[in-house]
Amino acid sequence: MAIASGFRRILSLASSTNSSSSSIRPCLLASTRLHSTLTSPKLFISGLSRTTNDEALNNAFSQFGKPVEVKVITDRATGRSKGFGFVTYETIEEAEKARQEMSGKFLDGWVIFVDPAKPREPRPPPPAQSQGQPSQPGYTVNRTIGWCG
């Protein structure tokens, strides 16, 4: 949304100026490029179909440059897509072009959204056991006395 309003502002400024000041246009466009939100060539793709695989995602994004890594995140139990994935390019320029062209497009019948990938945040440590120590990792001892049924 902010990108679209920025482009509208640039285009309205460029069209409102007369032809003698056409040297302003490249400066405005260059300043927009410097404000790109991408800081790494890794993109987060959301809205994927459950049937989308790595190969289909690679085919869709290879037209904007050579993807270094393409990964659709899958469910361990079913092996189907969880609905999101990642694409990493060699340069930020290729990633920016792919982001602009593919966001809001259809892939396997679903509208996908392309955003910059954020670094993975560290997980907090698991909470400590309050009822004694576990007898085995992941299991706790039931300390109920008597019949509970």
Side-chain angles (χ1 to χ4, degrees), residues 1-131 133-141:
M1 181 94 125
I3 293 174
S5 65
F7 281 125
R8 264 189 256 126
R9 181 180 52 85
I10 289 170
L11 293 176
S12 67
L13 286 174
S15 65
S16 66
T17 59
N18 59 18
S19 61
S20 64
S21 63
S22 63
S23 62
I24 293 176
R25 289 180 193 156
C27 295
L28 289 173
L29 293 175
S31 68
T32 301
R33 186 170 178 263
L34 292 175
H35 296 297
S36 172
T37 57
L38 288 179
T39 57
S40 75
K42 190 169 189 175
L43 298 173
F44 172 72
I45 318 301
S46 61
L48 294 176
S49 167
R50 300 287 182 211
T51 59
T52 303
N53 57 17
D54 293 345
E55 184 179 340
L57 194 62
N58 189 17
N59 291 339
F61 280 86
S62 62
Q63 59 187 331
F64 305 106
K66 177 154 180 26
V68 176
E69 180 185 14
V70 176
K71 181 69 177 162
V72 174
I73 307 304
T74 56
D75 185 21
R76 289 183 200 157
T78 63
R80 291 178 14 191
S81 166
K82 285 189 167 186
F84 66 96
F86 297 94
V87 176
T88 305
Y89 283 98
E90 291 180 352
T91 64
I92 293 178
E93 288 78 21
E94 291 174 342
E96 184 66 38
K97 183 177 178 185
R99 178 180 177 213
Q100 290 174 355
E101 295 291 325
M102 289 298 288
S103 189
K105 302 289 182 186
F106 283 89
L107 180 64
D108 293 337
W110 288 58
V111 177
I112 62 169
F113 300 97
V114 183
D115 296 308
K118 297 177 184 172
R120 188 178 229 180
E121 295 180 6
R123 292 183 176 182
Q129 295 283 339
S130 61
Q131 294 254 345
Q133 297 296 325
S135 57
Q136 293 180 357
Y139 297 100
T140 57
V141 177

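Numbers here are sequence positions counted from 1.
Legend: ring pair (Phe, Tyr, Trp, His ring centres under 6.0 Å) pairs involving residues 38-58, not counting sequence neighbours, sorted by first then second residue: F44-F84, F44-F86. The side chain to side chain donor-acceptor pair (under 3.5 Å) analysis of residues 76-91, with sequence neighbours excluded, yields the pairs D75-T78.
Note: E94 CD to K97 NZ = 9.0 Å, rounded to the nearest 0.5 Å. Annotation: the span from L57 atom CG to L43 atom CG amounts to 10.0 Å, rounded to 0.5 Å. A distance of 9.5 Å separates CD of E93 from CG of L38, quoted to the nearest 0.5 Å. To the nearest 0.5 Å, atoms CE (M102) and CD1 (I45) are separated by 7.5 Å.
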Pairs of donor and acceptor atoms involving the side chains of residues 107-116, under 3.5 Å and at least two apart or interchain, shall be tabulated with distances.
| unit_1 | atom_1 | unit_2 | atom_2 | d |
| --- | --- | --- | --- | --- |
| D108 | OD2 | T52 | OG1 | 2.8 |

Listing, residues 61-72 side-chain donor-acceptor contacts under 3.5 Å, not counting sequence neighbours, or none:
| unit_1 | atom_1 | unit_2 | atom_2 | d |
| --- | --- | --- | --- | --- |
| S62 | OG | N58 | O | 3.3 |
| S62 | OG | N59 | O | 3.3 |
| Q63 | NE2 | A60 | O | 3.1 |

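For the ring-ring contact (aromatic ring centres under 6.0 Å, His included) test, no residue two or more places apart in sequence or in another chain qualifies with F106. With sequence neighbours left out, the side-chain hydrogen bond (donor to acceptor under 3.5 Å, both in side chains) criterion links S49 to T51.
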